[in-house]
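What follows is a set of notes on a single structure, which appears directly below.
Every value quoted in this text rests on a predicted model; they were computed, and no experiment measured them. Just so we're on the same page: letters track the sequence lines, and every chain starts at 1. Below, all heavy atoms of this structure are taken into account, side chains as well, without hydrogens, waters or symmetry copies.
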Amino acid sequence: MPELPEVESIIRTLRNSSPALIGRHIKAVDVLWSGAVSGCYSSDLQAALEGSVFVSLGRHGKFLILELEAKNRSGKQFLIIHLRMTGRLSLVPLNQAVDRHTRLVFLLDRGLALRFDDPRKFGRLWLVNDPAEVTASLGPDALSVSYNEFAERFAVHRRQLKPLLLDQSFLAGIGNIYADESLFRSKLHPLTISSDLSPDEVRRLHCVIIAVLEEAVAVNGANIDGVFKAGEFVVNVYGREGYPCPVCRSPVVKIRVAQRGTHICPQCQSMPEKL
DNA sequence: CACTCTACCTGTGCGC
DNA sequence: TGCGCACAGGTAGAGT
């Protein structure tokens, strides 16, 4: 399931592809499942995008932001894509057959197609004039947030750490896997109330989040048995219930926090005193 | 404000 | 072998 590092990895792959996505014209858009298109009708999306050219690629948190220039219109357009859990975006040969999970195909020049596949149909796509129409409610990107901004935003909350890290309006880009990994490496229990952290612990958490995400980005994301196999980043606790903690050898335990499967080392991540 | 629950989906993997 | 079912995940929106 793509979180920030996996989305970043997709962007890098698309940037380095040859022929590149940047500069490609959209000749047509096939919408195989219209539910994937949010905020407008798929016919509007098709009409607005035909003839457009990709000019840049970026992201905010887990949202991909593809900038386009329309042929006959002034002003920019942005295709915003959220892959949610099972979405995939790939550049393929134009003649490659769709499979049963293909939801959208952008037919391009130079014999290419940009394809959106998504078995679980959770992924969504928007066409807007300003990315903020979709991303305005997001907090700062987790990969580049400064310590000052992190600490400032942290200070206004009194919440359990795990749901706080997962809250995209607090910090954009962290999902279940990297939340568990960041809390493990920070030696913090997911149920700890954020306002109970010492300034040193807040600083440590910020450092760990950035370090974890940077490490994962450097190797193209996580590699989790049976779940996500894009990259080489190996997690310590997520999905490893019953396996020994790499630090102290205590068995990793799975608990439920905010309705989410949560993995901890009960030894290294001690329970907050109040519980 | 903080939290919980539900809905959205479908492939996987379990128990029987 | 095959059936049924719980479960996984991110987010929005409603409710406590």
Side-chain angles (χ1 to χ4, degrees), chain A residues 1-8 10 32-39 59-65 80-89 98-104 116-126 131 133-139 141-142 152-183 189-197 213 216 221-231 233 235 237-242 252-264 272 274-275:
Chain A
M1 52 268 354
E3 298 183 25
L4 187 154
E6 291 78 23
V7 174
E8 181 64 28
I10 290 164
L32 287 84
W33 184 64
S34 61
V37 179
S38 276
R59 60 157 193 87
H60 187 142
K62 306 170 199 173
F63 287 80
L64 280 145
I65 302 173
I80 314 290
I81 302 176
H82 197 305
L83 300 169
R84 292 283 178 91
M85 276 92 68
T86 54
R88 276 178 24 227
L89 202 60
V98 301
D99 73 30
R100 68 178 163 136
H101 297 132
T102 305
R103 306 305 177 197
L104 240 94
F116 174 60
D117 296 86
D118 186 18
R120 292 193 199 169
K121 298 184 170 177
F122 270 30
R124 291 293 180 270
L125 187 150
W126 298 257
E133 290 174 45
V134 177
T135 62
S137 61
L138 297 178
D141 189 80
E152 213 168 273
R153 298 177 69 81
F154 205 86
V156 304
H157 290 286
R158 190 184 200 88
R159 299 178 62 182
Q160 296 170 343
L161 289 180
K162 172 91 184 240
L164 182 60
L165 291 185
L166 290 177
D167 185 343
Q168 303 298 300
S169 68
F170 168 66
L171 200 58
I174 297 178
N176 211 27
I177 294 167
Y178 292 100
D180 281 4
E181 181 67 15
S182 299
L183 289 171
H189 194 285
L191 289 174
T192 308
I193 302 300
S194 56
S195 52
D196 289 346
L197 293 202
L213 294 176
N223 181 350
I224 289 161
D225 282 353
V227 182
F228 197 87
K229 291 184 174 148
F233 184 75
V235 299
V237 288
Y238 180 86
R240 298 190 52 76
E241 184 181 12
V252 169
V253 168
K254 182 174 181 179
I255 60 176
R256 221 160 164 81
V257 178
Q259 288 76 243
R260 310 296 303 280
T262 299
H263 306 76
I264 59 168
K274 288 166 193 167
L275 297 170

Against the side chain of A/H82, the closest entry in B/dA2, C/dG9, C/dT11 is C/dT11
Testing B/dC3, B/dT4, C/dA8 for proximity to the side chain of A/A258, the answer is B/dT4
(Q) Under a 4.0 Å threshold between the charged nitrogen and the carboxylate oxygen, would A/R84 count as salt-bridged to A/D118? (A) no
* Hey, is A/R158 close enough to A/D196 for a salt bridge, meaning N to O under 4.0 Å? ->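 Between A/D196 and A/R158 there is no salt bridge, as every charged N stays at least 4.0 Å from the carboxylate O atoms.
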So, the side chain of A/E3 versus the backbone of A/G175: is there a donor-acceptor pair under 3.5 Å, distance only? yes
To the nearest angstrom, how far is [X] atom [atom1] from [N] atom [atom2]?
| X | N | atom1 | atom2 | value |
| --- | --- | --- | --- | --- |
| A/D167 | C/dT11 | CG | C1' | 11 Å |
| A/E241 | C/dA8 | CD | C1' | 13 Å |
| A/L165 | B/dC3 | CG | C1' | 16 Å |
| A/K162 | B/dA2 | NZ | P | 19 Å |
| A/L166 | B/dT4 | CG | P | 13 Å |
| A/L191 | B/dT4 | CG | C1' | 14 Å |
| A/L164 | B/dA2 | CG | P | 9 Å |
| A/N176 | C/dT11 | CG | P | 11 Å |

Close side-chain approach of A/R103 and A/K121, heavy atoms under 4.5 Å: yes
Self-check item: Side-chain touch A/E6/A/F233, heavy atoms, less than 4.5 angstrom
Solution: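 The answer is no; the side chains never approach within 4.5 Å.
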Practice problem: Count the heavy atoms belonging to other residues, nucleotides or ligands that lie under 6.0 Å from CZ of A/R88, then report whether that count exceeds 12. | Solution: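 No.
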Comparing nearest nucleotides in DNA chain C, the 5'-proximal residue of the pair A/V134, A/K254 is A/K254
So, is A/K62 close to the C/dG9 phosphate, meaning a side-chain N or O under 4.0 Å from OP1 or OP2?
no
Phosphate OP1/OP2 of C/dT11: any A/Q168 side-chain N/O under 4.0 Å
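For C/dT11, OP1/OP2 do have a side-chain N/O of A/Q168 under 4.0 Å.
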Which of parallel (below 30°), tilted (30 to 60°) and perpendicular (above 60°) describes A/W126 and A/F63?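 A/W126 and A/F63: tilted rings.
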Quick tally for nucleotides 5-11 of chain B: nucleotides whose base has a protein heavy atom under 4.0 Å get B, sugar-phosphate-only ones S, the rest -, giving B--BBBS
